[in-house]
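Note that the structure is predicted; figures quoted are calculated from it, not measured. In the text below, chain A, chain B and the rest are named by the order of the sequence lines, each starting its count at 1.
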Amino acid sequence: MEIELVTFGKISELIPNQKIEVEASNTDELQTNLEQLFPNLASMKYKLALNKDIVQSTQELRNNDIIAIMPPFSGG
Amino acid sequence: MRYNNERYSRQLILQGFGEPAQSRLADARVLVIGAGGLGCPALQYLVSSGVGSIGIIDDDIVSVSNLHRQVLFTTDDIGRLKVEVSSERLQRINPEVDITIYPFKIDSSNVIEVLNGYDFIFDGSDNFTARYLVNDASTLLKKPLIFAAVSGYEGQLAIFNIAGERDERTNYRDLFPIQPKDGEILNCAENGVLGVLPGIIGAMAAGEIIKLITKIGRPLINTLRHYNLLSGEQYEMNISPGANYTLPKTKAELSSIQYGDVDQDAENYTEISAIDLKSLREQSTTLVIDVRERHEYPKLHDKEILPVPLSELESLLAKDISEQNIVFLCQHGIRSATAAELFNEKYGDLKNIYSVKGGITKWSNYF
């Protein structure tokens, strides 16, 4: 299925906004796929949001879902 | 009369604002953590709008590299305490506001006492140690926390510890349960920030605080706003409570948590000055490694300083190094300390590991 990725901060240098074709039925599987596709992601801190809801436990994925990948910022 | 009506006349005549809202502002007590890029603009608007009591906590002094974004300060203020300069400027903007300054670093021994005197906490600090400490303390005390942070061209803004529509309260650990290690995520000093960006985010934060106090509009409760200055886009995400963390439940528990850097005494690498580095290189075989990323300025002309960005350090860790002394260097001495810690784990007492304290910025004449 097709998933749209929206990325922020340092993660957007690694993964620009894009649509990707993945075999994943939920956000946990997607996370594993993403870390295989983008190995540097595995060592970074980030949070996922599925269709603008922060993911706290694995969520079912549907075609054309939007996944945001957000790192923490500390600057002030 | 508690406040000068003329001063606030343009907001008093607003529909949906008026005397009740202005009175709520006059009664409110807001603590601003960090008088930096976010704190300066937030303070200006909180003070101008007539928030009755304001606390400012910051132990830092004004430096020239602050001035492009910390708009309360002038070139003449370099070297002065930020809280003192802020208080003077703000008091001139609005003498009706009661301003209290705390010229020290917020830590687990003082956080409860400082936060206790305020109804709303604004976190405009510049490091994760302060952010996690303030988050946990605000949550423990059930105080509304307005969170703002910036990096590069992007900013984040959220309100925590206030029940939303579904009666759920969230805090920063619902986004990032575990505090990142020092050097794991770059801060403004390390990563850079466009001056106007914290101005926008800090002003947005002041707007949210004023909405919360005056009970107008729809504040960003349980919502994380992400703002990208380059695209002008805002992306808002709904935050729900997560389950994979525990928060301190008592003040004693909070003060037992190690938020800060590992205790200096526990480290086996040594922090040195650029002057020490010079004599060290003259005395014995010394490998100097610049762990900054390749795009960072200033470029170093010393050909004997090996550039190995922190992100590529693992490869060097696997190799054998013949020099007895290994010295790490970066912009401010934060990433170099991380690198020194990493190498210390491998070499222990076999080699002497150093980090240049204050980095290239502090010792610019030496590099």
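In terms of modelled atom types and a separation under 3.5 Å, the side chain of B:E154 and the main chain of A:F73 share no donor-acceptor contact. Judged by distance alone, with hydrogens and angles left aside, the side-chain atoms of A:Q56 form no donor-acceptor pair with the main-chain N or O of B:A243 at under 3.5 Å.
Within 6.0 Å of atom CD in A:E60, 12 or fewer heavy atoms from other residues, nucleotides or ligands are found, so the atom counts as exposed in its surroundings. Other residues, nucleotides and ligands place more than 12 heavy atoms under 6.0 Å from the CD atom of A:E2. The neighbour count for B:I178 CD1, taken as heavy atoms of other residues, nucleotides or ligands under 6.0 Å away, does not exceed 12. Around NZ of B:K105, the count of heavy atoms belonging to other residues, nucleotides or ligands within 6.0 Å does not exceed 12. With a 6.0 Å radius and a threshold of 12 heavy atoms from other residues, nucleotides or ligands, B:E165 has its CD atom at or below the threshold.
Only the backbone of B:E236 comes within contact range of chain A, judged by heavy atoms closer than 4.5 Å. For A:V55, no part lies near chain B; criterion is any non-hydrogen pair under 4.5 Å. Contact of B:S240 with chain A is made through backbone and side chain together, with heavy-atom distances under 4.5 Å. Neither the backbone nor the side chain of B:Y153 comes within less than 4.5 Å of any heavy atom of chain A. Neither the backbone nor the side chain of A:S57 has a heavy atom closer than 4.5 Å to any heavy atom of chain B.
When B:S311, B:G36, B:A148, B:A149 are compared by the number of non-hydrogen pairs under 4.5 Å with chain A, B:A149 comes out ahead. Interface summary for chain B: among A:S43, A:A49, A:G9, the most heavy-atom pairs under 4.5 angstrom belong to A:G9. With chain A as the partner, the residue from B:I201, B:N228, B:L197, B:L175 showing the most heavy-atom pairs under 4.5 Å is B:L175.
In terms of heavy-atom proximity, B:Q156 sits nearest to A:M70 at NE2-CG, 3.5 Å. Of all non-hydrogen atoms in A:A68 and B:M237, the two that sit nearest each other are CB-SD, 4.2 Å. A pairwise comparison of heavy atoms in A:I54 and B:D174 identifies CG2-O, 4.3 Å as the closest pair.
Interatomic distance, OG1 of A:T7 versus OH of B:Y235, reported as 10.5 Å (0.5 Å rounding). Atoms NE2 and NZ, on B:H226 and A:K52 in that order, are 12.0 Å from each other to the nearest 0.5 Å.
Aromatic ring centroids of B:F176 and A:Y46 lie 6.0 Å or more apart.
Contact check for B:N191 versus A:K10: side-chain heavy atoms found under the 4.5 Å cut-off. When side chains are defined from C-beta on, A:P72 counts as touching B:Y172, because their heavy atoms get closer than 4.5 Å.
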